[in-house]
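A short worksheet on the structure shown next.
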Amino acid sequence: MATDLPTSQLLVLQFGRSSPPLPPLDLRGLTAVRIAGDGGIGSLSSQFLLLLARHLRGLGPLDTARLAGRTLDVLTAALADALDVRNTVPPHTGRRALSARIHAFIRENLGDPGLTPDTIAAAHHISLRYLHKLFHAEGRTVAAWIRERRLEQCRRDLADPALSERPIRAIAARWGFTSPAHFSQVFRSAHGCSPRQFRHRSTTASGDQAAATLVVNASRSQESAPPSVGSGVNSAASRQ
């Protein structure tokens, strides 16, 4: 039997019937109806849901609670679009859903050096001014959020022992940094050390932790091991 066949995963989202601010009678019309994910809001919403499914197991209780509301906003916008009742969606719900889709789009395209505020605005059919307005409401800028997410991924790869042989410039390029010098500069500014220093510290810390784990496991094994027959005989003989 072939073992390299792709596996399928199903993401099931449950919510109360009255949770989406949409007419209940209209929602019944979407039962067992496929919403296309190859264009428009359906495509952008599917990117968010796929990203959610990919990282669901690593989310803590606080993240799960926060994302539950965002997920409902995204679903509401997608369902309203499918029903052609976009005007019934409350403005704040529409803005939150759009922000969630934009964040998911950015995360999915971090490795693209051409990811800019202009391309993001064009992909979501909004003006550049409105895109900046959305991020300003969150207390950040578009460029800064992209840079932070790229550095986050680079930091994760630099700390991964499995990638210790991968050149730093290759890791930087993987996440959209085309200039090694620029990457080193922004990394040092964010973390107070160079990418090379960070990798060395992370590798050393991982090695020390692994060694400590081996010592603890070895100690436990010795404590739980039963005495050998020979040692028992020798003890008995010495007592005689």
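Each residue takes its place number in the sequence, starting with 1.
- Annotation: the span from L163 atom CG to T203 atom OG1 amounts to 10.5 Å, rounded to 0.5 Å.
- D157 has no carboxylate O lying under 4.0 Å from a charged side-chain N of R166, or vice versa, which leaves the two without a salt bridge.
- Nearest heavy-atom pair, H124 versus R101, reported as atom, atom and distance to 0.1 Å: NE2-O, 3.7 Å.
- For Q185, there are no side-chain hydrogen bond (donor to acceptor under 3.5 Å, both in side chains) partners two or more places apart in sequence or in a different chain.
- Separation of atoms CG (L151) and CZ (R156) is listed at 13.0 Å; rounding is to 0.5 Å.
- Partners of E108 by side-chain hydrogen bond (donor to acceptor under 3.5 Å, both in side chains), not counting sequence neighbours, listed by chain and number: R54.
- Residue R107 qualifies as enclosed at atom CZ: its count of foreign heavy atoms under 6.0 Å is above 12.
- Of the possible donor and acceptor atoms, one in the side chain of N109 sits under 3.5 Å from a partner among the backbone N and O of F105.
- A pairwise comparison of heavy atoms in R199 and I171 identifies NH2-CD1, 3.2 Å as the closest pair.
- What you find for A100 and F48 is that their closest heavy atoms are O-CD1, 3.5 Å.
- Atoms CD1 and CD1, from I120 and I106 in turn, are 4.0 Å apart once rounded to the nearest 0.5 Å.
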Determine, step by step, whether Q153 and R150 satisfy the side chain to side chain donor-acceptor pair (under 3.5 Å) criterion, reporting the C-alpha distance in whole Å, the side-chain angles of both residues, the deciding distance to 0.1 Å, and the verdict. CA-CA 5 Å; Q153 296 301 322; R150 282 174 168 165; over 6 Å; no

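- Under the 4.5 Å side-chain heavy-atom criterion for ILVMFWY residues, a single connected hydrophobic cluster contains both L75 and L52.
- Side-chain contact check for R174 versus C154: every heavy-atom pair is 4.5 Å or farther apart.
- Between the side chain of H182 and the backbone N or O of T178 there is no donor-acceptor pair closer than 3.5 Å.
- With sequence neighbours excluded, the residues forming a ring-ring contact (aromatic ring centres under 6.0 Å, His included) with F187 are F183, H191, F198, listed by chain and number.
- Residues passing the side-chain hydrogen bond (donor to acceptor under 3.5 Å, both in side chains) test with R95: none are found, sequence neighbours excluded.
- A distance-only check finds a donor-acceptor pair linking the side chain of T119 to the backbone of T116 [under 3.5 Å].
- Residues T204 and H200 have side chains in contact (heavy-atom distance under 4.5 Å, counting atoms from C-beta outward).
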Going by atom type alone, with no hydrogens or angles, which donor-acceptor pairs under 3.5 Å involve a side-chain atom of residues 126-148 and a protein atom two or more places apart or on another chain?
{"unit_1": "S127", "atom_1": "OG", "unit_2": "Y130", "atom_2": "N", "d": "3.1"}
{"unit_1": "E138", "atom_1": "OE1", "unit_2": "H103", "atom_2": "NE2", "d": "3.3"}
{"unit_1": "T141", "atom_1": "OG1", "unit_2": "A144", "atom_2": "N", "d": "3.1"}

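- S194 pairs by the side chain to side chain contact (heavy atoms under 4.5 Å, CB included) definition with R188, R196, Q197, not counting sequence neighbours.
- Expressed to the nearest 0.5 Å, how far CG of L98 lies from OG1 of T93 amounts to 12.5 Å.
- If you take OG on S99 and CZ on R70, they are separated by 5.5 Å, rounding to the nearest 0.5 Å.
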